[in-house]
Amino acid sequence: MVSVSEVFKTWNEGFEKRDSSQLAEFFTDDFRFVSTIRDIGKQEALDWTAAGGNQTVMDNLEVLYENDEVAVTYHRATGTLGDGVVMALYTKRDGKFSQCRIVRQAV
């Protein structure tokens, strides 16, 4: 079972290296990434990551809760959208992540 910390680390590295190949194995085929500005599927999320994700850098991850079905996290995000904090709810199915729903607040 993959942990949300692994996904966070791999996603951040994917943005930095502009390579989403490692991230793909953590998502179900019907994965959704949902925020106030996008609702995209797995391939779109991988393409967005490979493009650098709005020049996003994520740090200071705090895992508030995680079990075999969900994970709730809080972290900082810095990028072309400005500085912000993000709260995320991840859902899991069959050992992979099936959705990431985020709320981002500018700081």
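Since we're looking at a predicted model, the values are computed, not measured.
The nearest pair of heavy atoms linking E66 to A71 is CG-CB, 3.8 Å. Contact between K96 and E25 at its shortest, heavy atoms only, is CE-O, 3.4 Å.
Within the 4.5 Å cutoff, the side chain of D68 has no heavy atoms near those of the K92 side chain. No side-chain heavy atom of Y90 sits under 4.5 Å from any side-chain heavy atom of F26.
Listed by chain and residue number, E62, V72, Y74, M87 satisfy the side chain to side chain contact (heavy atoms under 4.5 Å, CB included) test with L64 (two or more places apart in sequence, or in another chain). A search for ring pair (Phe, Tyr, Trp, His ring centres under 6.0 Å) contacts involving F31 returns F27, not counting sequence neighbours. Qualifying side chain to side chain donor-acceptor pair (under 3.5 Å) partners for D30, counting only residues two or more places apart in sequence or in other chains: T28, R93. With sequence neighbours left out, E16 forms a side chain to side chain contact (heavy atoms under 4.5 Å, CB included) with no residue at all. Remark: D19 engages no residue in a salt bridge (Lys or Arg N to Asp or Glu O under 4.0 Å) (not counting sequence neighbours). Applying the side chain to side chain donor-acceptor pair (under 3.5 Å) criterion to E44, with sequence neighbours excluded, gives no partner residue. Residues passing the side chain to side chain contact (heavy atoms under 4.5 Å, CB included) test with D47, sequence neighbours excluded: Q43.
Applying side chain to side chain contact (heavy atoms under 4.5 Å, CB included) to T73 and the options V86, L89, L61 leaves one that passes, L61.
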Contacts under 3.5 angstrom, residues 99-107 side chains, donor-acceptor by atom type, not counting sequence neighbours:
{"residue": "R104", "atom": "NH2", "partner": "A77", "partner atom": "O", "Å": "3.3"}
{"residue": "R104", "atom": "NH2", "partner": "G82", "partner atom": "O", "Å": "2.5"}

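Listed by first and then second residue, the side chain to side chain donor-acceptor pair (under 3.5 Å) pairs that reach into residues 1-14 are S3-E6, K9-E13, W11-T49, sequence neighbours excluded. Sorted by first and then second residue, the salt bridge (Lys or Arg N to Asp or Glu O under 4.0 Å) pairs with a member in residues 69-88 read D59-R76; sequence neighbours excluded.
Remark: I40 CD1 to I37 CD1 distance equals 9.0 Å, nearest 0.5 Å.
At a threshold of 4.5 Å between side-chain heavy atoms, the hydrophobic network of Ile, Leu, Val, Met, Phe, Trp and Tyr places F97 and V34 in two separate groups.
Side-chain heavy-atom separations under 4.5 angstrom define the hydrophobic clusters, and M1 shares its cluster with no other residue.
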